[in-house]
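Below is one structure, written out as structure tokens, with a few remarks after it.
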Amino acid sequence: MAPGLPGRRCGELYSSICHIPAGRRPIVWEPANEAERLRLEKLERVRARGIEPYPPRVRRTHSIAEAIALFETIEQAHPAAGEQAVETTPLTLCGRLVASRPKGKLTFADIEDGSGRIQVMIRQNAVGEELYEMFNRDIDLFDFVQADGVVFRTKMGEITLRVESFILLSKALTQLPDIKEQRLEDGTIRRYGSFTDPEARHRQRYADLAVNPEVRDVFRARAKTISALRRFMDEAGFLEVETPILQPIYGGAAARPFVTHHNALDHDMYLRISFELYLKRLLVGMYDAVYEIGRDFRNEGVSRKHNPEFTQLEFYKAYIDYNGVMDLTERMLGYTAEAVTGSTIVRFQGHEVNLAPPWRRISMHEAILEYAGIDYAAHPDTADLYRAIRAKGYEANPDHKWGELVGDLLDVVEPNLIQPTFITDYPIDISPLAKKKPGDPRHVERFEFFIAGLEMGNAFTELNDPLDQEARFIEMGRLYGTDSEEAHPVDEDYLRAMRYGMPPNGGFGMGIDRLVMLLTDQPNIREVLLFPALRIRDGD
RNA sequence: GGGGGCGUAGCUCAGUGGUAGAGCAGAAGCCUUUUAAGCUUUUGGCCGUGGGUUCGAGUCCCACCGCCCUCACCA
């Protein structure tokens with residue numbers, strides 16, 4: 001905030017407290033509005049009462065969920081208590097004040113911690129006039145408090161902490177968006193007020209999480225997803241490894257990298273765009289099955305399905321081909337869906353999909369014939385295929401190679417692939433790391449799989465012929481040679497590794513963010529990233 | 001990068017070229033079993049930023065910034 005605007009007085013006050021020389025005042029927070037100014041005044045008033053608003057010591061005997069469970073256990077053990085009040089022994093709870101209903105010398109409020117929410121009852125008689133006044137005058141919504149008391153059930157049937165005393169744990173100087181909840185007869189909760197602006201929610205995710213419990217649930221599901229995948233891989237006999245994120249040569253995908261610079265070594269480095277080439281080196285090193293879960297970085301546009309950094313699972317397993325990878329994929333996702341949602345049947349944006357194996361397997365040729373009505377095998381000439389695509393009314397890039405035109409047709413197919421589907425056997429010129437299909441020089445043993453119209457992952461029978469691989473790298477380099485931005489460097493060390501002998505193997509890569517989108521029914525990747533990439537903006 | 005939409009109080013949103021509004025939050029008062037508490041009173045605005053048209057712009061025009069959708073890009 002610029003000097004001279006309202007609230008400056010408080011900034012000056014803080015400057016003087018901090019002994020900042022005049023003219024050298026650093027950036028000091030100043031209240032942005034009347035509500036914040038009043039909160040700052042309250043903080044000073046609390047200090048004036050001789051109370052530290054951010055005390056170093058906390059005591060908590062139970063989480064809120066534990067306290068409620070404890071009460072319910074006691075209540076069930078004394079069913080004949082009748083009119084006799086049932087209550088717990090004294091305990092201490094901590095949490096954020098999220099609702100307050102003062103009624104004269106009695107106040108009902110709600111506090112919330114990470115485990116849940118409970119009503120607290122504060123009576124002037126119980127806590128004394130001074131504390132009671134402080135609670136109503138100086139404690140605001142969203143402050144953190146610690147409260148001692150016993151848990152009982154009110155006349156209205158609400159499990160409640162009857163407060164004997166309390167202390168302020170942390171003063172909130174900025175108000176969060178206020179959201180009220182009404183519990184209906186059937187137990188559902190109706191909410192009033194909302195914090196929904198996606199920009200504000202993503203730039204200030206902490207506020208989003210603080211007031212929107214369902215957003216917290218999304219990231220719990222994300223954590224469960226990753227831990228289920230890891231459990232599945234571990235139990236399937238895979239070794240979890242970590243490979244370099246900072247790489248001297250990037251590869252394994254056709255994406256533009258982020259470039260950075262190592263000062264001491266004085267050379268440029270790249271943030272990885274895939275794990276592939278490092279993980280396959282490990283098969284040369286005689287691990288039979290490896291996987292990695294981690295972040296990839298691609299310097300491309302952002303969209304509903306793309307974030308510049310995203311989380312990927314890749315695995316490579318010796319002595320299987322892409323058919324074996326499909327078997328593993330089905331089982332892995334069925335297992336993960338079950339672990340996260342309790343069922344293999346998942347609802348996503350109005351669709352109901354069943355992730356239980358087996359999934360449909362259909363070749364790219366058949367899929368394009370079925371959904372785009374084009375028999376691309378009947379058009380082996382690039383210009384001919386281009387005309388056939390245009391004749392059907394689809395867009396096509398005239399500069400694309402034959403295999404790229406085929407790949408483009410997948411965009412027509414994709415929205416139709418609602419139930420989990422493996423699309424198999426891709427054109428070779430868009431698949432430089434996959435092994436050729438026997439007896440078919442134009443295709444490789446590769447599949448991608450789609451669920452609810454989303455492309456989820458990519459896998460092949462991995463190419464382990466070092467000379468074929470070298471030829472493909474050179475072809476790639478020639479292809480992209482005209483465009484330095486997309487030039488693909490030849491990874492000589494990777495070729496050397498292959499020349500030592502690489503076992504036949506099947507490899508797999510999957511975007512975990514998209515899987516979380518599917519399992520949490522979120523249509524936008526930003527909703528499953530805690531801090532999605534946003535343009536830098538003043539003040540954020 | 002192209003096309004479309006949006007940007008007004010802390011939050012969610014109204015607003016016809018003519019005095020900037022509502023609900024909730026906030027403040028003051030009353031209230032000892034409330035629970036979206038209630039009743040009374042009330043504070044709060046660079047209408048994204050900068051130009052322009054006009055007697056007069058939140059509103060119309062242009063540019064820029066940001067967000068959303070979409071296309072392109074993206075194995």
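Sequence lines set the chain letters: A, B, ... in the order given, protein chains first and strands last, and positions in each chain run from 1. Predicted model only: the values in this text are computed from it and were never measured.
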| request: Take atom P in B:G58 and the same atom in B:G2, then report the distance between them in whole Å. | output: 29 Å
| Which whole number of Å gives the distance between the P atom of B:G52 and that of B:U16? | 25 Å
| Can you tell me if A:Asn125 and A:Lys105 form a side-chain donor-acceptor pair at under 3.5 Å? | no
| field | Inter-nucleotide C1' distance (B:C31, B:U43), Å rounded | value | 23 Å
| query | How is A:Glu300 classified with respect to the nucleic acid when contacts are heavy atoms under 4.0 Å: base, sugar-phosphate, or nothing? | reply | sugar-phosphate
| note | Rounded to whole Å, CZ of A:Arg137 lies from C1' of B:G26 at a distance of 14 Å
| query | Just how far, in rounded Å, is C1' of B:G48 from CZ of A:Arg535? | reply | 16 Å
| Separation of A:His400 atom NE2 from B:A72 atom P, in whole Å? | 11 Å
| field | d(CZ, A:Phe142; P, B:G26) in whole Å | value | 8 Å
| message | Applying a 4.0 Å non-hydrogen cut-off, can you work out what A:Arg201 is touching in the nucleic acid: base, sugar-phosphate, or nothing? | response | nothing
| task | Remember a base hit wins even if backbone is also touched, and classify A:Ile430 as base, sugar-phosphate or nothing at under 4.0 Å, heavy atoms. | result | base
| B:A9 P sits how many Å from A:Leu38 CG, rounded? | 19 Å
| message | Each nucleotide in nucleotides 33-43 of chain B should get exactly one letter: B, S or -. Can you fill that in based on protein heavy atoms under 4.0 Å? | response | BBBBB------
| request: Please report, rounded to the nearest Å, how far the P atom of B:A75 is from the NZ atom of A:Lys305. | output: 14 Å
| query | Cation over ring, A:Arg205 on A:Phe531, under 6.0 Å and within 45°? | reply | no
| task | Kindly say if A:Arg37 contacts the phosphate of B:A27, meaning a side-chain N or O under 4.0 Å from OP1 or OP2. | result | no
| query | Can we say A:Arg101 and A:Asp110 salt-bridge, meaning some charged N sits less than 4.0 Å from an Asp/Glu carboxylate O? | reply | yes
| request: Considering only atom C1', compute the distance from B:A22 to B:G29 and round it to an integer number of Å. | output: 24 Å
| note | The ring pair (Phe, Tyr, Trp, His ring centres under 6.0 Å) partners of A:His365 (sequence neighbours excluded) come to A:Tyr376
| query | On a whole-Å scale, what distance lies between the C1' atoms belonging to B:G17 and B:U12? | reply | 27 Å
| query | A:Gln175 has an atom CD; how far is it from atom C1' of B:A27, in whole Å? | reply | 12 Å
| field | Whether A:Phe449 and A:Phe422 hold their rings parallel, tilted or perpendicular, with breakpoints at 30° and 60° | value | tilted
| Considering only heavy atoms and no angle criterion, is a donor-acceptor pair shorter than 3.5 Å present between the side chain of A:Asn33 and the base of B:G26? | no
| said: Using a heavy-atom cut-off of 4.0 Å across all strands, would you classify A:Arg153 as base, sugar-phosphate, or nothing? | reply: nothing
| message | Rounding to an integer number of angstrom, what distance separates B:G44 and B:U53 when you compare their C1' atoms? | response | 33 Å
| task | For A:Arg39, report the nucleic acid contact type (base, sugar-phosphate, nothing); a contact means any heavy atom under 4.0 Å. | result | nothing
| task | Name the nucleic acid region contacted by A:Glu395, choosing base, sugar-phosphate or nothing; use a 4.0 angstrom heavy-atom cut-off, strictly under. | result | nothing
| said: Please determine whether a side-chain nitrogen or oxygen atom of A:Arg203 lies at a distance below 4.0 Å from atom OP1 or OP2 of B:C67. | reply: yes
| Basic-acidic side-chain contact under 4.0 Å: A:Glu527, A:Arg201 | yes
| task | Name the nucleic acid region contacted by A:Glu36, choosing base, sugar-phosphate or nothing; use a 4.0 angstrom heavy-atom cut-off, strictly under. | result | nothing
| Side-chain donor-acceptor pair under 3.5 Å between A:Arg446 and A:Asn458, yes or no? | yes
| field | Salt bridge flag under 4.0 Å for residues A:Glu36 and A:Arg39 | value | no
| query | Quick one: is B:U12 close enough that its OP1 or OP2 comes under 4.0 Å of any side-chain N or O from A:Ser194? | reply | no
| said: Using a heavy-atom cut-off of 4.0 Å across all strands, would you classify A:Leu433 as base, sugar-phosphate, or nothing? | reply: base
